[in-house]
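Notes follow once the structure below has been shown.
Both ligands and their constituent atoms are indexed starting at 1 by order of listing.
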Amino acid sequence: MINVGLLGCGTVGSGVVELLDKNLGIISRRTGDVIELKRVVDQDLDKCRALGIKESKLSRNFDDILYDDEIDIVVELIGGIEPALTFIMKAMEHGKHVVTANKDLIAEKGKELFDMAQTHKVDFYFEASVAGGIPIIYPLKQSLAGNQIQEVIGILNGTTNYILSKMSEEGRAFADVLREAQELGYAEADPTADIEGLDAGRKIAILASIAFNSRVTVDDVYVEGISKITLNDIKFARELGYVIKLLAVAKQGEDGSIQARVHPAFLPRKHPLAAVNDVYNAVFVRGDAVGEIMHYGQGAGKLPTASSVLGDIIDIGRNILYKANGRISCTCYEDKKILDVSQLRAQFYIRMTVKDQPGVLAGIAGVFGSNNVSLATVLQTTYGGEMAELILITHQVEERDLNDSLVVLRGMPLVGNIDNVIRLEGMDKI
Ligand code: NDP
Ligand code: HSE
């Protein structure tokens, strides 16, 4: 018997209980032994009772899992940094294997957690922490291990993808769709981490670390959210053959340097990620042998996330039976240089309001030209007043050159406002 101690009867925890109950027969066959939920801990036991768990298995005290020598695997689903970190560290010190879905914890405390797992020769699995039900961590560590990974580009936050999809399909304003996403339970009551890109930033930090075998923390990721995206930007994107997505991008250069960033991006309509809509997530990977692949599915929710947690439990169960724990441990063997976003080259979309009079365009083009910024596309829309809206797409430029140009433009009397600046991504798909 493989005994599991479950910590947390919330959304994901309840999914784990339900799935284990429903598919116990096949899960046990696939593991090679019976998986038993021996103890369930939560601060609110009524939530666990509602799942039909026997009273004798319930506790409010984590020590009832920690000091039970028969428990092999601890499944942490309470979320947050503390006390989750302390519980996991103690579990590993006691020789217990750990499964978690806690992206905040891994993105911030990955090194400490892996060191502890290695010291105590226990398994530490976290497939559900990135993109919920989509298998991506195991494939990167195992199935794609023969490749040099060149890039990982993800739509890793369901809430923002839902908002951008609805703005695009239904022409509704950001605040209106955000309210709906909260009512539907996609966005958190405080949706800041979703909207401002931090949730996706944590997830891409985890994926970049695995893909490039070098530690990338959330502080290394450049993060920009979607709150400045307007219906105007979406309209111009469509006219020019793009969609706007919140992308989490990690790339490795030929010199081994890494870039990791989260920001809204103009993505060519032909790019496979452009068709990923609503709350769905996807991860696009390019490897030197496999070429391009894309993993698509539900990035959150009770059963999709529980599916990943169960996959981890089963694999650890097999390791226990074959005395093979610690097989896939920390894979950050190297310490690669992480580039600052100002050092990167990209194409940019710029939307600005300018005076509608002779010589304005020439003046603006001159500022870009003198800062090494070459323009690829220029569109002007007039609304009949004194001002016009100018849409520019640059060629590939250094981000610091673009920023220098924008500083000068902001000080020019003929420029009313720089309304938005958005990077272009996936241009090999044009
Ligand atoms: P929930 O808030 O639904 O569930 C957490 C449960 O743990 C609640 O019952 C909570 O009780 C309980 N809890 C919190 N702190 C403690 C504590 N100190 N001791 C005992 N019990 C505690 O969270 P989710 O299930 O949504 O998320 C769990 C983890 O999974 C998080 O790390 C999250 O990031 C991750 N995740 C979630 C996804 C999802 O779709 N929900 C998708 C992918 C990952 P109370 O309600 O009283 O606070
Ligand atoms: N808030 C997250 C999202 C849930 O919207 O994708 C899972 O991490």
Considering heavy atoms of the protein only, find what lies nearest to [atom] and give residue, atom and distance to 0.1 Å.
atom: atom 25 (O) of ligand 1; answer: Val12 N, 2.8 Å
atom: atom 44 (C) of ligand 1; answer: Ala101 O, 3.5 Å
atom: atom 5 (O) of ligand 2; answer: Thr159 OG1, 2.7 Å
atom: atom 4 (O) of ligand 1; answer: Gly10 CA, 3.2 Å

Could you pull out, from [options], the option with a heavy atom nearest to [atom]?
atom: atom 42 (C) of ligand 1; options: Thr305, Leu303, Asn281; value: Thr305
atom: atom 7 (C) of ligand 2; options: Gly301, Ala300, Pro304; value: Ala300
atom: atom 13 (N) of ligand 1; options: Leu77, Ile78, Ile81, Thr11; value: Ile78

Do ligand 1 and [X] have nitrogen or oxygen atoms that lie under 3.5 Å from each other?
X: Val41; result: no
X: Asp42; result: yes
X: Gln43; result: yes
X: Gly301; result: yes

With a cut-off of 4.0 Å, which atoms of ligand 1 are near a heavy atom of [X]?
X: Gly79; answer: 31 (C), 32 (O)
X: Lys47; answer: 8 (C), 9 (O), 11 (O), 45 (P), 46 (O)
X: Pro83; answer: 18 (N)
X: Lys103; answer: 34 (O)

With a cut-off of 4.0 Å, which atoms of ligand 2 are near a heavy atom of [X]?
X: Gly158; answer: 3 (C), 5 (O), 6 (O)
X: Lys203; answer: 6 (O), 7 (C), 8 (O)
X: Lys103; answer: 7 (C), 8 (O)

| request: State whether the shortest distance between N or O atoms of Gly299 and N or O atoms of ligand 2 falls below 3.5 angstrom. | output: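 The answer is no, given that Gly299 and ligand 2 share no N or O pair closer than 3.5 Å.
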| task | State whether the shortest distance between N or O atoms of Asn281 and N or O atoms of ligand 2 falls below 3.5 angstrom. | result |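 Min N/O separation from ligand 2 is not below 3.5 Å for Asn281.
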Could you check whether [Y] and [X] have their ring centres less than 6.0 Å apart?
X: Tyr125; Y: His97; answer: no
X: His295; Y: Phe284; answer: no
X: Tyr138; Y: Phe126; answer: no

Quick check: does any side chain N or O of [X] sit under 3.5 Å from a backbone N or O of [Y], one acting as donor and the other as acceptor?
X: Ser168; Y: Ser165; result: no
X: Glu36; Y: Ile2; result: no
X: Asn147; Y: Ala289; result: yes

| task | Could you check Lys57, Arg39, Lys96, Lys38 and say which one makes a salt bridge (charged side-chain N to carboxylate O under 4.0 Å, His left out) with Asp68? | result |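 Of all the options given, the one that passes is Lys38.
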| task | Heavy-atom distances under 4.0 Å are what count here, so tell me which part of Ala128 touches ligand 1: side chain, backbone, both or neither. | result |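 The answer is the backbone of Ala128.
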| Does a sphere of radius 6.0 Å around NZ in Lys235 hold more than 12 heavy atoms from other residues, nucleotides or ligands, not counting ones at 6.0 Å or beyond? |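 Count over threshold, so yes.
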Does any part of the side chain of [Y], heavy atoms only, come nearer than 4.5 Å to the side chain of [X], both counted from C-beta?
X: Leu113; Y: Met92; result: yes
X: Asp123; Y: Val98; result: no
X: Leu409; Y: Phe368; result: yes

| said: Would you call the rings of Phe266 and Tyr242 parallel, tilted or perpendicular, taking 30° and 60° as the class edges? | reply: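 Rings of Phe266 and Tyr242: tilted, 30 to 60°.
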| query | Which atoms form the tightest heavy-atom contact between Ile134 and Asn281, and what is the distance? | reply |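 Shortest heavy-atom separation between Ile134 and Asn281 comes out as CD1-O, 3.4 Å.
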| Any protein heavy atom under 4.0 Å from atom 23 (O) of ligand 1? |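 No, there is none.
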| Is any heavy atom of the protein nearer than 4.0 Å to atom 9 (O) of ligand 1? |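 Yes, there is one.
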| request: Check Asp199 against ligand 2 and report side chain, backbone, both or neither, counting heavy atoms closer than 4.0 Å. | output: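 Side chain only.
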| query | Counting only heavy atoms, which portion of Asp194 has something under 4.0 Å from ligand 2: side chain, backbone, both, or neither? | reply |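 For Asp194, the contact with ligand 2 is made by the side chain alone.
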| field | Verdict with supporting geometry, Asp312 and Val75, side chain to side chain contact (heavy atoms under 4.5 Å, CB included) | value | CA-CA 10 Å; Asp312 284 352; Val75 179; over 6 Å; no
| Glu425 pairs by side-chain hydrogen bond (donor to acceptor under 3.5 Å, both in side chains) with which of Lys245, Arg261, His263? |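 It is Arg261, the one option of Lys245, Arg261, His263 that forms the side-chain hydrogen bond (donor to acceptor under 3.5 Å, both in side chains) with Glu425.
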